[in-house]
Amino acid sequence: MNKNPYFYILTAFAVSYLIRVLPLTLIRRPIKNTFIRSFLFYVPYVTLAVMTFPAIIQATQSTAAGIIALAVGIILSFIGLGLFPVACACCVVVFIAELFLC
């Protein structure tokens, strides 16, 4: 195994650079395929969800409190409440759930 830290830094740089440069150099025309356009439209939302959902569940002392708060947040957002009321309600739910679960 190579223990040179510059090797790892250079590898991370090359991978990051290629991911950003290859689409710019290979795709020069506008994308007309509706499937690819819809796929690219949802990539930021999926990335945010993949980073957020595990953090919601693991940020509490018990996993059950995080899951309950997530369910309450989803229900309240479907009802039509905004971000601030949903976040406050989820905090209250986590506080109450951890009082009874822990």
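We number each residue from 1, following the sequence as shown.
- The hydrophobic cluster around Tyr45 extends to Phe41, Tyr42, counting ILVMFWY residues whose side-chain heavy atoms fall within less than 4.5 Å of a member.
- When the side chain to side chain contact (heavy atoms under 4.5 Å, CB included) test is applied to Thr47, the partners found at least two apart in sequence or on another chain are Val43, Met51.
- Side-chain atoms of Thr52 never come within 3.5 Å of backbone atoms of Ala49 as a donor-acceptor pair (strictly under, hydrogens ignored).
- In the displayed structure, Leu18 atom CG is contacted under 6.0 Å by more than 12 heavy atoms of other residues, nucleotides or ligands.
- When atom types are taken as modelled, the side chain of Arg37 and the backbone of Ile31 share a donor-acceptor pair closer than 3.5 angstrom.
- Under the ring-ring contact (aromatic ring centres under 6.0 Å, His included) criterion, the residue pairs touching residues 9-39 are Phe13-Tyr17, with sequence neighbours excluded.
- The CD1 atom of Ile68 sits 11.5 Å away from the SG atom of Cys90 when rounded to the nearest 0.5 Å.
- Counting side-chain heavy-atom gaps under 4.5 Å among Ile, Leu, Val, Met, Phe, Trp and Tyr, Tyr6 is found in no cluster with other residues.
- Nearest heavy atoms, Val86 versus Ser77: CG2-N, 4.0 Å.
- Across Val94 and Ala69, no two heavy atoms sit closer than the pair CG2-CB, 3.3 Å.
- By the side chain to side chain contact (heavy atoms under 4.5 Å, CB included) test, Ser16 is found to be paired with Arg20, residues two or more places apart in sequence or in another chain being considered.
- Listed by chain and number, the hydrophobic cluster partners of Ile74 are Phe53, Ile56, Ile57, Ile67, Leu70, Phe78, where partners are ILVMFWY side chains within reach of under 4.5 Å, directly or through others.
- Residues satisfying the side chain to side chain contact (heavy atoms under 4.5 Å, CB included) criterion with Ile79, sequence neighbours excluded, are Ile75, Leu76.
- The structure places CD of Glu98 at 8.0 Å from CG of Leu101, a figure rounded to the nearest 0.5 Å.
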